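Structure first, commentary second.
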Amino acid sequence: MQEPGPGDLSQEDLAGFADRFRDWIAAFSAELAPLLTVHSDYDTRVRDARAMRRLLCEHGWGRAGWPEAVGGLGGSILHRAVVTEELFRAGWTGPTVFEHLEIVAPTLVRFAEPDFAAAVLPSFLDGSRAWSQGFSEPEAGSDLAALRTRAVRDGEDYVVDGAKIWTSWSKWADWCLALVRTGTPEERHRGLTMIAIDLSSPGVEVRPIRQANGTDELAEVYFTDVRVPAGQVIGEVGRGWAVAMFLLAHERGTLSWLRHCAFRQWLTPSTKIMREDADRQLGDVVLQLAGVRAAAVELMQRAAAGAQLGPEAAFNKLLMTRTEQNLFNLLRETDGARIALPADTPEEVLQQQEYLFSRIVTVYGGTQQMQLITVARHILGLHDG
Amino acid sequence: MADAVARPAEYVGFRDAAAAILTRHEGAAALDAFGFADVYADGAHDLRPAYAFLEAQGFRGASTPALGLLPLAGALDGRLAGAPLFGAPFGSSSLVAVPGLTPGATVVVDRPGSGLVAVADPAAVTRGAPSPAADDYLAVLDPDPAGLVPVVPDDEAEALRERIVVRARLGAAAELLGLTDRLLTDAATYAGQRQQFGRTLASYQAMQHLLAWAATDRHQLTCLFDIAVERSAAGPVDPELARAVKAMAGRVFHSVAQTAIQVTGAISFTWEHSLNRLHQRGMALDQVAGSSADLVAAIGRQARTEGVIPELFTLAGSLPAT
């Protein structure tokens, strides 16, 4: 029997693409089984995520939805979304460090020098190299335009000095897409530039942060006289803010599709132990999930049509994080003892990790308050003064 | 009506055309000007213009029989003269609500076990509203079983029930979306004009956050509603999707109404303020064809007993109608 492949990547055949991928999952169930096994240890999870990317790319599915110029097969974000959803349906627990694919890779496709994008993205797609993003600093959180990490031109390179914090997955990352200051502090967001830094460069130190949920997904990253080729500037010098906004629109928007797939996986088994008196609370969470799903589809359809995502991605972030917290509130109220003191099984440990992580989701990627201000000012047109 | 993001262009065209008509015409005249009956004439199944009309009607706070006509349109095969109005279940009682009821109109209700039946004398069983009424759009009937006239036998009605309920729920959701949009628009406008302590209300972060949450809720309703309506152009809408849309419409309406009241302040708690009538209309529409409270509980019950979190629509199936 011929192996099911991605085939036609036109939007009109999206349903056919989904059918073919489901057939492939069924045909390769033996190869997939170890990669769908639940682990709470992050080293193991990242290892399996790399292997999943490699397997998907070897068979074409991991390249579907990406431009041919960077090693893809064509198609759109909708094809990537199909792959994500079907993997979760098959029991996947998520892409770990490769959740940045949907955040960093579109940014590189849009803003990087074509040669640089063509050089680095194939290894990102196939899982051999991973990326992180360096935005926040000890003195620049919500006020991102106050960041201090500097990049100074020196011949063919930029020399980077400074520190980033809360950089997700950088313990396992090979690259960091960093927002740095090339202008003066007084220029605020107009003096910023986005640059891709190889984390194996001399002068880079990654210090993982042990988090409240026991994992070390986040880290501090220190840069001391790190030389970065000027060809690794992403976008224009001094226009890094626009690149950052593009990236954040993806983090806030398209990531909500991936996360909502995970939410469904969390909620489904818990319905078995719920009682009748939880019906209304469960119904509300199911309805909120439907809202996240619908809003994510709306955003992805616009992205697939070539639209530039903007401040409206704040809607997706607000909906996604509110739903995540309400979902885990429901799980806590249904089975709080298991979340408070999990047994030593990967599923229970992972559930506690995710519960605790859900408490902070209204902080990362732009706080809930910043998202509300974005909606108020840029969509509703409400202003100070 | 300012959409936060681009909505399906064809739908928006119908909606804005209806909104313009509703500024000049009322009741049946507005339906005629829009060509409402043409939407479902000759078995046409693309009901997007009808839902667009109802959203515009909600935004304008206008009253027409559109929501009563839609569920039964094309269903009765000429068994009744004229265009009967559907009396949709109201709340969890045996009461029914008829939108835009006019003297002489025929009202049909669904009575499982008996089938689709006509109310012999709607005026005689219409509950009297307190005077003055904030809004007379919905007439609530308490049909006397003895005064019901068979129209479609129960075995034949079974085949029609799903589509009747789907249309009633999506139609009511369309109106609730329009009402929600109007309340949010008016509240944001008010916040930009009203001053306290020498500044506009809109300049206070507390007010910005309230209105931003309202806009966020309105956005998710719009997205889910648009998916359902676009699907309606291609064929029958999944009843579970229609139920979710109606449930969300009610939930979002109440949330946005509360925000609008908070932002507008005490003036909103006066009989004359426009918000009062729109609020009371939305409260009533939430009770039509399944309240949000009952539908949410039903959604949760089904998820719990079946152990399945419904997806409601597929990615491919959510693409805009072509």
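Worth saying up front: this structure is predicted, and the values here are computed from it rather than measured. Hydrogens, waters and symmetry mates are skipped; everything else that's a heavy atom, side chains included, is used. Throughout, protein chains are lettered first and strands after them, A, B, ... in sequence-line order, and every chain is numbered starting at 1.
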For a 4.5 angstrom cut-off between non-hydrogen side-chain atoms, does Q368(A) reach W213(B)? yes
Less than 4.0 angstrom from a charged side-chain N to a carboxylate O is my criterion; do E298(A) and R7(B) meet it? no
Check whether A293(B) gets within reach of chain A through its side chain, its backbone, both or neither, counting any heavy atom under 4.5 Å. both
Heavy-atom side-chain contact between Q220(B) and V292(A) under 4.5 Å: no
Is E311(B) close to chain A through its backbone or its side chain, or both, or neither, when contacts mean heavy atoms under 4.5 Å? both
Short question: side chain of Q208(B), backbone of T374(A) - any donor-acceptor pair under 3.5 Å? no
Okay, E276(A) and chain B: the region with an atom under 4.5 Å from a heavy atom over there is both
Would a 4.5 Å heavy-atom cut-off, applied to side chains only, mark C223(B) and V297(A) as touching? no
Within a 6.0 Å radius of atom CD1 on I273(A), are there more than 12 heavy atoms belonging to other residues, nucleotides or ligands? yes
Specify the closest pair of heavy atoms between A188(B) and L382(A), including all atoms of both residues, with the distance to one decimal. O-CD2, 4.1 Å
What I'd like to find out is whether the side chain of I309(B) reaches to under 4.5 Å of the side chain of F263(A), using heavy atoms alone. no
Is D217(B) salt-bridged to R322(A), going by a charged N under 4.0 Å from an acidic O? yes
Counting only non-hydrogen atoms closer than 4.5 Å, does I227(B) touch chain A with its backbone (N, CA, C, O), its side chain (CB onward), both, or neither? side chain
Shortest non-hydrogen pair, A212(B) vs A376(A), comes out as CB-N, 4.1 Å
Minimal heavy-atom distance between G300(B) and L282(A), with the atoms involved, is O-CD2, 3.3 Å
Can you tell me if R280(A) uses its side chain to pair, donor with acceptor, with the backbone of V296(B) under 3.5 Å? no
Answer key: most heavy-atom pairs under 4.5 Å with chain B among G291(A), G16(A), A290(A) is G291(A)
What option among Q371(A), E312(A), Q369(A) has the most heavy-atom pairs under 4.5 Å with chain B? Q369(A)
Toward chain A, the part of H219(B) with a non-hydrogen atom under 4.5 Å: side chain
Which pair of non-hydrogen atoms, one from G307(B) and one from T271(A), has the smallest distance, and what is that distance? CA-OG1, 3.4 Å
With only heavy atoms counted, which part of I379(A) is less than 4.5 Å from chain B, the side chain, the backbone, both or neither? side chain
Would you give the length of the straight line joining atom CG of D279(A) to atom OG1 of T305(B), rounded to the nearest 0.5 angstrom? 8.0 Å
E85(A) versus chain B, heavy atoms under 4.5 Å apart: side chain, backbone, both or neither? side chain
Working to the nearest 0.5 Å, report the span between CG of L372(A) and OG1 of T216(B). 6.5 Å
Please classify the contact between A81(A) and chain B as side chain, backbone, both or neither, with a heavy-atom cut-off of under 4.5 Å. both
Closest non-hydrogen atom pair, V375(A) against A215(B): CG1-CB, 4.0 Å
Heavy-atom cut-off 4.5 Å, strictly under: side chain, backbone, both or neither for F225(B) against chain A? neither
Toward chain A, the part of S318(B) with a non-hydrogen atom under 4.5 Å: both
Walk me through whether M300(A) and L315(B) qualify under side chain to side chain contact (heavy atoms under 4.5 Å, CB included). CA-CA 10 Å; M300(A) 292 192 300; L315(B) 259 175; 4.0 Å; yes
If only atom types and distance count, is the side chain of R304(B) paired as donor or acceptor with the main-chain N or O of G283(A) below 3.5 Å? no
Which atoms of L289(A) approach chain B - backbone, side chain, both or neither, heavy atom under 4.5 Å: side chain
Can you name the nearest heavy-atom pair linking L380(A) to L211(B), along with the distance? CD1-O, 3.5 Å
What option among M207(B), Q205(B), R251(B) has the most heavy-atom pairs under 4.5 Å with chain A? R251(B)
Part of D294(B) lying under 4.5 Å from any heavy atom of chain A: both
